[in-house]
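Please read the structure below before turning to the comments.
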Amino acid sequence: MRERLQELIADRLTGYAASLGITLPADQIELPAPPDPALGDFAMNLPLKLARVARKAPLAIAGEIADLLRDREVFAKVEVAPPGYINLALAEGAISAALNAIVADTQLQLRTDGAPRTVVLDYSGVNIAKQMHVGHLRSTIIGDVIGRVLEARGERVIRQNHLGDWGLPIAMVLWKAGPALRDLDARGEDPLQALTVADLEQMYRDATAAVKADPHASDAVHRILVALQGGDPRLLADWQTITRLSMQEVYRVYAELGVLLTADDERGESFYRDQLAGTVAALAACGALTESQGAMCVFLEQFTGKDGTPLPVIVRKSDGGYNYETFDLAAIRFRIEGLGADRVIYVTDARQALHFAQVFAVAERCGWTARGDARVALEHVTFGSVLGADGTPLKTRGGENVKLADLLAEAVARAYAVVHEKNPDLPDAEKRAVARAVGIGAVKYSDLRQDRHNDYVFDWDRMLALVGNTAPYLQYAHARICSIFRKGGVEEEAITAAPAVSHPAERALALKLLAFAEVVEAVEAELRPHILCTYLYELATAFSGFYDQCPVLTAETEASKQARLALCRAARRTLARGLELLGIEAPREM
Ligand code: ARG
């Protein structure tokens, strides 16, 4: 809405601005809300800005602009306020027409007009042979929201799950897994059924202990690593098996979380194994490579240690092995050349900030990001930690990492109790479905609603509360609108009336609804999902204010009832779409 108003105002004022010798781009017209809603819907400081350039009294300019904007169809109020503001209030007809236009678009007018760009989105990045723990939650769900928002805006999103599936830890597991897999083979058992990732974790622990205690074990693991990297078919087959075994558990968690990643998006470190030597050669070719104590390094002057000595990015170790850095450098080249990325976004915790800063700088230095006159943008989206009540990273009572699968199961169980208390008469199958939506939604929302830069304290009671800035509160608002339609026997599709906007509570809700697209645009611009959460909370609150003051099914006249139903429809769709962008279900009944 704001954008359309900016265009309209720019249009009306082009001639006037030109007479002052000024060109007026639409996006330079700021339209913030006035300090007091009674003053209007938007406050424009344009006269003050123009006065400075044109050397004319601001109040005089304000008066002239106000005259040019007076139009009953658009504005109910155009008022000059000293020292040179113009307060604008929209005409009711303009509000309801704009709202109708949004509802008529299945995309709720979220798309940009621009040509789609190709965005490679790297998130989740789970490690093979390890269970997902709470540390993987944020990358997975924040990344997923970013993907949904970019797609809603019309971008082409290529998701990449950069699995940790190659290297020494895998060799350690393979050393122990080999004999176990042969045993299962001999008994004709399917390892995907007979083994769990917990078993693989145990193998890793056993191998670590053995390697510490016994140099022969260390040699054995090293031989496995070399043979695996050399393409030994038996080891590769075992590696495949443990990858599938791990990923089948990961996909169970993704399904539970409603995360969009699929097997097509898997492109782990192993994918780049044959591109590592070429990557190092390319670094040499651009003159970036230095040998230091047998290792191949890139030194960049902007990265120095505490004592001021340059920090190397080691791309090949002295033993010939490659690093996490090398995989990411290979991946950058593949994403730009192979996938055609215009933009690459990485979602990991803030501890990897230096890693990505270095890798990006190396890519820049070698000109890999140049694309004609343009540059491929490499962006690191970071986030803080999930903390327990004691303010340290969330752990189980035994001091272990909290398994994500256990956490989600507990969320659903706790939500079941909430749903049962709220609506004991709901059939049990539905209670279970709603409990899933509410429990998973609560966990995701309590994370997403935080500015991602911050740490936050994981708190069951707060996230499951039916009041406050929580998923259940938003879901409940949505279900309440659905129940209005159900009780009234009204089909949303059959509503033809224009939305009601004359009561102050109706107007407040309508104006909130008109801001949806610009909020999603802000989430896209800053890649910060909490902006959408804050908005949806305010929207649900505005709905609740409306519903308390304006009876819908028992409205005084049939016309008012229809108009309020139309407003309810717009609110329901916006809430549902907003929750969908957050990857949170919106049940119709709670
Ligand atoms: N597997 C990595 C980890 O657990 C995350 C991968 C992130 N993506 C990347 N391209 N490095 O830390």
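Residue numbers count from 1 along this sequence.
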What distance separates [X] [atom1] from [Y] [atom2], expressed to the nearest 0.5 Å?
| X | Y | atom1 | atom2 | value |
| --- | --- | --- | --- | --- |
| D190 | L184 | CG | CG | 8.5 Å |
| L474 | T470 | CG | OG1 | 6.5 Å |
| M296 | E291 | CE | CD | 5.0 Å |
| I142 | R138 | CD1 | CZ | 4.5 Å |
| D183 | L181 | CG | CG | 9.0 Å |
| Q229 | I170 | CD | CD1 | 11.0 Å |

Is [Y] close to [X] at the side-chain level, that is, under 4.5 Å between some pair of heavy atoms?
| X | Y | result |
| --- | --- | --- |
| L283 | V315 | yes |
| T304 | L311 | no |
| E256 | L408 | yes |
| F334 | L329 | no |
| Q450 | H530 | no |
| V381 | R528 | no |
| W175 | D206 | no |
| F356 | D328 | yes |

Do F327 and F271 have their ring centres less than 6.0 Å from each other?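 F327 vs F271: aromatic centres not under 6.0 Å.
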Using the ring centroid of each side chain, check whether Y346 and F360 are separated by less than 6.0 Å. yes
NZ/NE/NH1/NH2 to OD/OE distance under 4.0 Å, [X] and [Y]:
| X | Y | answer |
| --- | --- | --- |
| R343 | E379 | yes |
| D459 | R462 | yes |
| E151 | R159 | yes |
| R273 | E269 | no |
| D122 | R335 | yes |
| E266 | R244 | yes |

Short side-chain to backbone donor-acceptor contact, [X] and [Y], under 3.5 Å:
| X | Y | answer |
| --- | --- | --- |
| H478 | P587 | yes |
| Q475 | A437 | yes |
| Y251 | A263 | yes |
| S139 | Y123 | no |
| T326 | Y322 | no |
| K444 | G583 | yes |
| D406 | K403 | no |
| D238 | G178 | no |
| D214 | V211 | no |
| T279 | Q275 | yes |

State, without any angle test, whether [X] and [Y] hold a side-chain donor-acceptor pair at a distance under 3.5 Å.
| X | Y | answer |
| --- | --- | --- |
| Y416 | D428 | yes |
| D165 | T243 | no |
| Q352 | Y324 | yes |
| N469 | Y445 | yes |
| S124 | H136 | no |
| Y254 | N161 | yes |
| E325 | Q358 | no |
| R153 | T112 | no |

Show the nearest heavy-atom pair for residues [X] and [Y], with the distance to one decimal.
| X | Y | result |
| --- | --- | --- |
| V438 | P472 | CG1-CG, 3.9 Å |
| L110 | V520 | CD2-CG2, 3.8 Å |
| S292 | C297 | CB-SG, 4.0 Å |
| V402 | K395 | CG2-C, 3.5 Å |
| L192 | T241 | CD2-O, 3.9 Å |
| F299 | P312 | CE2-CB, 3.5 Å |

Disulfide bond (SG atoms under 2.5 Å apart) with C366: which residues, sequence neighbours excluded?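 Checked C366 against disulfide bond (SG atoms under 2.5 Å apart); matches are C286.
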Give the intermediate values and the outcome of side chain to side chain contact (heavy atoms under 4.5 Å, CB included) for residues M247 and V250. CA-CA 5 Å; M247 290 312 288; V250 168; 3.9 Å; yes
Starting from the C-alpha separation in whole Å, work towards a yes-or-no answer on side chain to side chain contact (heavy atoms under 4.5 Å, CB included) for E410 and R414. CA-CA 6 Å; E410 180 165 355; R414 284 175 182 260; 2.9 Å; yes
Hey, what's the ring geometry for W166 with W239, parallel, tilted or perpendicular (30° and 60° as the breaks)?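 Plane angle over 60°, so perpendicular.
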Heavy-atom count check: over 12 atoms from other residues, nucleotides or ligands less than 6.0 Å from [X] [atom1]?
| X | atom1 | value |
| --- | --- | --- |
| Q293 | CD | no |
| D307 | CG | yes |
| K130 | NZ | no |

Sole candidate of I584, L582, D447 that passes side-chain contact (heavy atoms from CB on, under 4.5 Å) when paired with I141: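 That would be D447.
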With sequence neighbours left out, what residues match D349 under side-chain hydrogen bond (donor to acceptor under 3.5 Å, both in side chains)? R351
Quick one: do L137 and L257 satisfy side chain to side chain contact (heavy atoms under 4.5 Å, CB included)? Show the steps, please. CA-CA 9 Å; L137 180 69; L257 280 174; 4.2 Å; yes
Please walk me through it: do R223 and D232 pass salt bridge (Lys or Arg N to Asp or Glu O under 4.0 Å)? CA-CA 11 Å; R223 273 197 302 278; D232 179 278; over 6 Å; no
Assess whether side chain to side chain contact (heavy atoms under 4.5 Å, CB included) is satisfied between H355 and V359, documenting all intermediate values. CA-CA 6 Å; H355 165 76; V359 158; 3.7 Å; yes
